[in-house]
Amino acid sequence: MSRIIIVSNRTPGKGPAAGGLAVALRKTLAEREGFWFGWSGKLVENPQPEARFEDIDGLSVAQIDLTRDDHHAYYAGFSNSILWPSFHLRLDLASIEGHWYEGYRRVNQQFARALLRELKSDDVIWVHDYHLIPLASELRNLGVRNRIGFYLHIPFPTIDALYAIPHHLDLMRDMSRYDLIGMQANRDVSAFTEFAEHQSPSSLSGNPMRSVDFSRTEVTSFPIGSDPDAFARLAVSPAANKMVKRMERVMGEQKLILGVDRLDYSKGLPQRVEAYEKLLANDSRFRRNVHMLQVAPPSRDSIKEYKETSDTLDAMCGHVMGRFAEPDWSPLTYVKRAYGQPSLAGLYRMAKVGLVTPLRDGMNLVAHEYVGSQDPKDPGVLVLSRFAGAAEIFEDAILVNPFDTDEIAEALRMALDMPLDERIARWTTLMAAAQKHNVDDWSKSFIKRLAPSSAGDGSSTRDILYLASVA
Ligand code: ADQ
């Protein structure tokens with residue numbers, strides 16, 4: 001069986017993870033030969049050309065260091081100040097500095113050169129996310145013929161947003177050098193296809209050499225998921241109960257509305273707090289009877305727009321407290337830290353409402369984890385943004401427009417008032433969907449499509465490439 005090499009910006013570390021990627025892929029490598037390749041987290045003046053291997057909690061991890069300037073241009077710059085906001089349709093929050101692209105490419109070249117030293121001819125390479133779009137191109141330029149797949153964890157942008165990205169044509173050409181591209185949702189595949197069909201030579205530049213040939217690249221949706229059955233077990237574990245007991249002491253009979261997110265402007269956190277304020281303002285029944293807990297550990301806080309989102313949220317939470325809090329009742333708690341999965345599972349289970357309202361999201365694993373953690377006899381209600389990839393899977397959630405705070409407030413009211421039989425009926429369908437789209441099947445189906453012969457049928461890499469090109 002050929003080895004699987006997973007490549008992502010960061011490799012998994014020890015302790016609780018605040019990103020979806022690590023949680024999802026650890027398991028894949030635990031079951032196959034191969035290793036996980038990425039940046040070590042270290043900034044040095046002269047990075048070594050070869051990767052260092054390390055065993056991290058039973059996982060083989062290969063890491064390289066980067067220079068401070070390259071890392072800034074690649075990560076905070078091109079990846080997170082241009083690609084992330086543009087792919088999430090927040091062009092207003094994108095800032096563009098021309099030299100960032102050179103750093104982005106240099107880091108991808110450095111990844112490719114270090115990875116080349118470790119590759120066997122039948123290794124299958126699975127690259128993750130927008131930081132590494134050019135990696136297949138850089139590997140191919142070094143002569144690599146292995147099967148290479150790419151998974152985009154975030155949404156694919158509309159054509160207008162794509163055209164606003166500097167060097168977008170190079171990036172699309174980079175994408176065409178993968179054998180397989182996986183997207184979160186059908187919506188993303190449609191946006192990609194629209195670009196591929198729209199950019200005919202005549203419409204783009206009139207020069208046939210400038211159009212991108214996607215004939216060797218398969219693009220399909222592979223919606224990621226969680227492990228809902230594991231969350232179901234975790235939610236009643238002693239560690240989860242410890243968190244539940246802690247909460248019950250302060251909650252009493254109040255119903256919990258829960259949000260769990262990385263602190264990111266794409267997650268719609270200010271709108272969520274505003275909607276909660278409207279719920280309390282519109283219906284005095286809920287004052288003293290509900291409590292909102294928002295857990296949001298800071299991320300990417302060296303970037304100005306993230307700091308601003310954090311400040312906005314601080315101000316809005318303070319405003320709601322000022323308006324509704326009483327000496328013996330506070331309407332909300334806002335916690336800026338990460339928790340381990342057992343504690344999160346306990347919180348999910350006790351929450352009567354899981355409030356998941358990103359303005360745009362690739363998938364949103366919190367929605368999956370919330371569903372997995374519910375008590376089948378007394379489940380909570382998922383209020384979900386229709387602009388999360390998860391909305392394609394969880395049709396029985398209360399789907400809302402995350403920009404419309406009146407609609408979210410009304411959805412909260414509906415969820416809090418929902419009778420038990422309707423909650424059970426909705427949750428039963430949601431749980432079936434979460435189980436159908438579990439993370440194990442997600443990674444297996446991607447790998448199966450990327451390397452149909454990885455069980456070892458004797459075909460060479462060259463044969464596989466040829467078959468893909470004539471298929
Ligand atoms: P993220 O934007 O990080 O992921 P999400 O899918 O919600 O968003 O994943 C968050 C993960 O981090 C979940 O597993 C959650 O449990 C964990 N997490 C969040 N807050 C936490 C906290 N306070 N403490 C501990 N853990 C916390 C990106 C894309 C998503 C896509 C995922 C996976 O933006 O759209 O679903 O990748 O592909």
Side-chain angles (χ1 to χ4, degrees), residues 9-10 13 15-24 41 72 75-77 79-90 92-95 129-131 153-155 243 256-277 291-321 330-341 343-344 347-348 351 353-370 383-385 387-390 402-403 405 408:
N9 168 51
R10 289 301 303 273
L21 185 58
V23 183
H72 179 76
Y75 183 77
S79 294
N80 284 314
S81 295
I82 298 180
L83 294 180
W84 177 275
S86 309
F87 278 42
H88 286 86
L89 306 187
R90 292 304 304 268
D92 56 320
L93 298 180
S95 47
D129 237 357
Y130 57 102
H131 317 85
H153 288 260
I154 64 175
M243 174 56 94
L256 180 65
I257 299 171
L258 176 68
V260 174
D261 308 78
R262 266 185 321 100
L263 212 172
D264 191 297
Y265 50 74
S266 67
K267 303 292 182 186
L269 298 173
Q271 289 84 348
R272 200 179 293 181
V273 175
E274 188 178 304
Y276 179 60
E277 181 183 3
H291 187 85
M292 176 168 168
L293 170 62
Q294 177 63 54
V295 183
S299 65
R300 304 173 194 164
D301 46 7
S302 66
I303 299 174
K304 180 171 72 60
E305 287 73 18
Y306 283 77
K307 176 85 183 59
E308 284 170 3
T309 305
S310 177
D311 292 347
T312 306
L313 198 56
D314 289 351
M316 292 193 64
C317 291
H319 169 77
V320 174
M321 290 291 281
S330 70
L332 65 81
T333 307
Y334 170 31
V335 187
K336 287 185 170 181
R337 53 161 289 192
Y339 288 92
Q341 284 193 342
S343 300
L344 283 185
L347 289 173
Y348 291 142
V353 185
L355 188 52
V356 184
T357 52
L359 304 180
R360 196 164 160 81
D361 216 333
M363 171 54 62
N364 195 295
L365 289 178
V366 169
H368 286 253
E369 295 165 4
Y370 178 74
V383 174
L384 176 64
S385 162
F387 304 130
F403 296 91
T405 52
I408 303 173

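Quick caveat, the model's predicted, so the values are computed rather than measured.
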Side-chain contact test, heavy atoms from C-beta onward, threshold under 4.5 Å: evaluate it for Leu263 versus Tyr306 and give yes or no.
no

Can you sort out the partners of Asp301 under salt bridge (Lys or Arg N to Asp or Glu O under 4.0 Å), two or more places apart, ordered by chain and number?
none

Taking all non-hydrogen atoms of both residues, which atom of Met321 and which atom of Ser330 are closest, and how far apart?
CE-CB, 3.7 Å

Identify, with sequence neighbours excluded, every residue that meets ring-ring contact (aromatic ring centres under 6.0 Å, His included) alongside Tyr334.
none

Kindly write out the residues that satisfy side-chain hydrogen bond (donor to acceptor under 3.5 Å, both in side chains) with Lys307, not counting sequence neighbours, or none if the list is empty.
Asp311

Kindly indicate whether the side chain of Val260, heavy atoms from C-beta on, has any atom under 4.5 Å from the side chain of Leu347.
no

Validate the cation-pi geometry between Arg337 and Tyr339: distance from NZ or CZ to the six-membered ring centre under 6.0 Å, angle to the ring axis within 45°.
yes

Which residues satisfy the salt bridge (Lys or Arg N to Asp or Glu O under 4.0 Å) test with Arg360, sequence neighbours excluded?
none

For Ser385, which residues count as a side-chain hydrogen bond (donor to acceptor under 3.5 Å, both in side chains) partner, sequence neighbours excluded?
none

Taking only residues two or more places apart in sequence or in another chain, which ones pass side-chain hydrogen bond (donor to acceptor under 3.5 Å, both in side chains) with Ser299?
Arg262

So which atom in Pro358 and which in Asn364 form the shortest heavy-atom distance, rounded to 0.1 Å?
CG-ND2, 4.0 Å

Just to verify, what does Glu274 make a salt bridge (Lys or Arg N to Asp or Glu O under 4.0 Å) with, not counting sequence neighbours?
Lys278

Salt bridge flag under 4.0 Å for residues Asp314 and Lys336
yes

Tightest non-hydrogen contact, residues Ser266 and His88, listed as CB-CD2, 3.8 Å

For Tyr265 and Arg90, which heavy atoms make the closest approach, and how far apart are they?
O-NH1, 4.1 Å

Rounded to the nearest 0.5 Å, what's the gap from CG on Asp361 to CZ on Phe387? Could you check?
12.5 Å

Under the criterion side chain to side chain contact (heavy atoms under 4.5 Å, CB included), I'd like the reasoning laid out for Tyr75 against Asn80: C-alpha separation, chi angles, the key distance, then a yes or no.
CA-CA 6 Å; Tyr75 183 77; Asn80 284 314; 3.2 Å; yes

Please report the closest heavy-atom contact between Ser79 and Tyr130, naming both atoms and the distance.
O-CE1, 3.3 Å

Quick one: which of Gln294, Met316, Met292 gives a side-chain contact (heavy atoms from CB on, under 4.5 Å) with Leu332?
Met292

Test side-chain hydrogen bond (donor to acceptor under 3.5 Å, both in side chains) applied to Glu277 - qualifying residues, sequence neighbours left out
His319, Arg323

Between the side chain of Asp129 and the main-chain N/O of His153, is any donor-acceptor distance below 3.5 Å?
yes

Who are the side-chain contact (heavy atoms from CB on, under 4.5 Å) partners of Ser86, not counting sequence neighbours?
Ile82, Leu91, Ala94, Ile165

If you apply the rule side chain to side chain contact (heavy atoms under 4.5 Å, CB included), what do you find for Leu269 with Thr309, and how did you get there?
CA-CA 8 Å; Leu269 298 173; Thr309 305; 5.5 Å; no

List for me each residue that meets ring-ring contact (aromatic ring centres under 6.0 Å, His included) alongside Tyr348, sequence neighbours excluded, and say none if there are none.
none

Donor-acceptor under 3.5 Å (Thr312 side chain, Glu308 main chain)
yes

Closest heavy-atom contact between Asp261 and Pro297?
O-CD, 3.1 Å

Checking Leu344 against Met243 for the side chain to side chain contact (heavy atoms under 4.5 Å, CB included) test, could you report, in this order, the C-alpha distance in whole Å, the side-chain angles of both residues, the deciding distance, and whether it holds?
CA-CA 8 Å; Leu344 283 185; Met243 174 56 94; over 6 Å; no

Should Leu355 and Tyr276 count as side-chain neighbours, where that means a heavy-atom distance under 4.5 Å?
no

Go through the structure and list residues passing side-chain contact (heavy atoms from CB on, under 4.5 Å) with Ser81, not counting sequence neighbours.
Ser95, Trp100, Ile303

The test is side chain to side chain contact (heavy atoms under 4.5 Å, CB included); show your working for Arg272 and Ile408 and say whether it passes.
CA-CA 8 Å; Arg272 200 179 293 181; Ile408 303 173; 5.6 Å; no

OG1 on Thr333 to NE2 on His291, rounded to 0.5 Å
2.5 Å

